[in-house]
Amino acid sequence: MTDYLCISEKPTAAKRIATALDERGKPKKLPVPRNFGRIPVWESMRNGDRIVTIPALGHLYSTVEDSAGGWHYPAFSYKWTPSYLANEKNKTRPFILAFKKFGKEISNVIIATDYDLEGEVIGATIAKFACGQDLANVKRMRFSTLTKSDIVNSFEHRDPSVNINLVNAGFARHEIDWLFGINLTRALTLSIKHATGRYKLITTGRVQGPTLRFVADRERDIQTFVPIPRWAIDARIDLDGDEIFIEYNKKFLPSLKEAEKVVAETTGRDGIVKEIGPRKITQKPPAPFNLGTLQSEAYRHFGYTPSRTLRAAETLYLNALISYPRTSSQQFTAAINHRDILTQLTKCDPYRVRANKLLAKSKLHPTFGKKKDPAHPPIHPTGKKLAGNLRNEERNLYNLIVCRYLAIFGEPSIKNGLRLDLKINDHIFYLRGMKVLKKGWLEFYTPFGRVDEVELPDLAVGDVVKLAYINHKQSYTQPPARYNPNSLLKKMEEQELGTKATRASTIDILYSRGYIEDESINATDLGFAVIDTLQKNSPDIISIELTRKLQREIEDIQAGKKSREAVLMESIVQLKKILEKFHKKEKIIGVTLEEQVQNLKQRQRILGKCPVCKQGELIITRSIRTKKRFVGCTGFYKKLCDWSAPIPQKGYAVPAKKNCKHCGFPMLTIRRKGKKPFTICPNWISCPGTPDEVIDNYRNNKAGALDAIVEEET
DNA sequence: GCAAGGTC
């Protein structure tokens, strides 16, 4: 009889591993000392052997500076330490305690984390630091799915030792990101501190840098864009008194002369229907959702930002309503029993009919996309009955996920795209129609797969129609569109920056640092200043090339062509030069950045034009006398306007960038820790939208009286 | 209060 200690990446996986390895499929939960906290330790029995499976919670160890003394740079000395020591909010202590306890009792250690680079690091740090193992003696299970057969197979054919090159490659990834991120962030932040004595956190890193640059580059493209004039033909025909728009066969004409020619040659003439061409369009059902496509679709249908979608999906996952959301996979494996899930869904009113329809099929073939993920299947409903405690956005997202899941079993849809060609003199115009011949999967994706059918007027080839109006219209070529949170995330995905689990939060960080702003994302002057500074002093950190190079080096370490130490030394040599440059230019860098920090702070206080004097701007400010925060007009200083109003004192107040629908005043948003942000009208005293009780409460000095003037959830 | 990467 042998004892094994099995290291798993997370609680859900641990349970499945323990269940698969237990002969009776019923692993025992082992008691852990109460002071460890709540942590599931599983015991499975197999062929007389005992397997103890303990989950991690992702990374339990991380890199921190290996010297005291606060912020300074260069900082090249780091060590691996328990994450709960590196960060107070981290809740991994009980997990490390459990691994330490059972690691002392059991010497046969098997790593059974996700089969990827980070999984290797998660397992190796635990085996080494918590269990005190020499990695050469640690075994490795490699599975591509968490199915019983894969788990059992990977246990029986486990690798005799971990792949040390792979572990070193993973360690190097963490360490290089730490070296670049910590040092450049400190260099930027300290430049302000040393030059002006002020503190403002200016961060950057391998992923933040290039992501900010995408936005800055796009903004520069827009600002330097030269619009070129072009002309379109605007035409309508008369059909029994109805005017119907027709398209010219060229969307735009490059010169006025050409446009005038078209108008001159068609004015006053009739058109003849030349051809009515049906074109069958077959559209296959979409691939199942992975996190990226879910975020994209949720943005399209509900306007949710990727990070909002991820948060809502996590809640659904923790309520066991959907599968693991941080997946890249668009391919189901045979392991998932779709018939079971669909049967469960028939118990839910909105899905009953559709699920039954699918169950009536003799075979269920889900679609698949290109992306794979060794650790997880695509996002799908579990079939568990919906509880009543979900928020609106979670319900919406759940509905989207279920409908998509139903749609992937559907038949292709067939549409008839109709085009009627109208000849007027020698010019061809189009009238387009669209008819759905067979709904197929679109029926299952309702309400998300709606197609607007456009009927063609009842015309036949040879019919003559009267031109009702024709003229040319000048317009201009358009600059490229700004990114929004969704398209920026897609760009990161395309460029392989960050991971599925981190991209949305990186974008949030750029917002919170004041580098980017608005839904239609533009770089702030501070964002530009950071990019300019880095461009001059450390161009690599804002280039995707750093990520490419890191990828190559990781591959080299994996292949045994390069050592982890050599790769790290290269980075340190490179950083040394960069940081010396920063040090020499600290003054000018600090002053430049601080100027933009102040500029940003100032701008972030302005709500908008004052509707009273129409000259000044409403600004969030503080009274010198009472120290209380209020909104006033900048016209006050010029003795133009003395409008002002009290606002809530707690929380973080920023311009809402929209106007009150009742009185037109520019509004402000208040964010308070742990609470939903709310938007209020500064003119609440006179605004018709303010409930009477708010005014009463305020007059009666009730605490938090102003909190009630909530415009809407933000 | 610093990175990026896991997970709850």
**Item:** Cation over ring face, Arg564(A) and Phe171(A), 6.0 Å, 45°
**Value:** no
**Request:** Could you tell me whether Lys10(A) sits above the aromatic face of Tyr324(A), with NZ or CZ closer than 6.0 angstrom to the six-membered ring centre and within 45 degrees of the axis?
**Result:** yes
**Message:** Before you tell me yes or no, could you show the steps for Phe582(A) and Tyr73(A) under ring pair (Phe, Tyr, Trp, His ring centres under 6.0 Å), namely the whole-Å CA-CA distance, both residues' side-chain angles and the distance that decides it to 0.1 Å?
**Reply:** CA-CA 10 Å; Phe582(A) 261 96; Tyr73(A) 74 93; 7.1 Å; no
**Asked** How is Tyr199(A) classified with respect to the nucleic acid when contacts are heavy atoms under 4.0 Å: base, sugar-phosphate, or nothing?
**Response** base
**Prompt:** At under 4.0 Å between heavy atoms, what does Gly498(A) touch on the DNA or RNA strands: base, sugar-phosphate, or nothing?
**Reply:** sugar-phosphate
Nearest-Å distance, [atom1] ([X]) to [atom2] ([N])?
X: Leu593(A); N: dC2(B); atom1: CG; atom2: P; answer: 18 Å
X: Ile176(A); N: dA4(B); atom1: CD1; atom2: C1'; answer: 12 Å
X: Leu190(A); N: dG1(B); atom1: CG; atom2: P; answer: 14 Å
X: Asn90(A); N: dA3(B); atom1: CG; atom2: C1'; answer: 15 Å
X: Ile554(A); N: dG5(B); atom1: CD1; atom2: P; answer: 10 Å
X: Arg503(A); N: dG5(B); atom1: CZ; atom2: C1'; answer: 12 Å
X: Leu184(A); N: dA4(B); atom1: CG; atom2: C1'; answer: 14 Å
X: Tyr515(A); N: dC2(B); atom1: OH; atom2: C1'; answer: 10 Å

Choosing from [options], which nucleotide comes nearest the side chain of [X]?
X: Glu9(A); options: dG1(B), dG6(B), dG5(B); answer: dG6(B)
X: His59(A); options: dG6(B), dA4(B), dC2(B); answer: dG6(B)
X: Ala501(A); options: dC2(B), dG1(B), dG6(B); answer: dG6(B)
X: Glu65(A); options: dG5(B), dC8(B), dC2(B); answer: dC2(B)
X: Asp177(A); options: dA3(B), dG6(B), dC8(B); answer: dA3(B)
X: Arg326(A); options: dT7(B), dG6(B), dG1(B); answer: dT7(B)
X: Leu318(A); options: dT7(B), dC8(B), dA3(B); answer: dC8(B)
X: Asp114(A); options: dC8(B), dT7(B), dA4(B); answer: dT7(B)

Measuring to OP1 and OP2 of [N], would you say a side-chain N or O of [X] lies under 4.0 angstrom away?
X: Tyr324(A); N: dT7(B); answer: yes
X: Arg513(A); N: dG1(B); answer: no
X: Thr203(A); N: dA3(B); answer: yes
X: Thr204(A); N: dC2(B); answer: no
X: Lys91(A); N: dC8(B); answer: no
X: Tyr317(A); N: dT7(B); answer: no
X: Arg311(A); N: dT7(B); answer: no
X: Arg186(A); N: dA3(B); answer: no

**Message:** Ignoring hydrogens, what is the shortest heavy-atom contact between Asp540(A) and Leu546(A)? Give both atom names and the distance.
**Reply:** O-CB, 3.5 Å
**Asked** Looking only at heavy atoms, what is the nearest atom pair of Asn90(A) and Ser83(A), with distance?
**Response** ND2-CB, 3.4 Å
**Prompt:** Are Arg173(A) and Glu120(A) close enough for a salt bridge, meaning some N to O gap below 4.0 Å?
**Reply:** no
**Asked** In terms of side-chain geometry, is the basic nitrogen of Arg311(A) or Glu393(A) positioned less than 4.0 Å from the acidic oxygen of its partner?
**Response**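 Glu393(A) and Arg311(A): not salt-bridged.
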**Donor/acceptor link under 3.5 angstrom from Ser505(A) side chain onto base of dA4(B)** =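 Result: no qualifying N/O pair found.
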**Message:** Return whichever of Glu314(A) or Gln208(A) has its heavy-atom-nearest nucleotide of DNA chain B closer to the 5' end.
**Reply:** Gln208(A)
**Prompt:** DNA chain B: Ile182(A) or Lys500(A), which has the more 5' nearest nucleotide?
**Reply:**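 With Ile182(A) and Lys500(A) compared, the 5'-side residue is Ile182(A).
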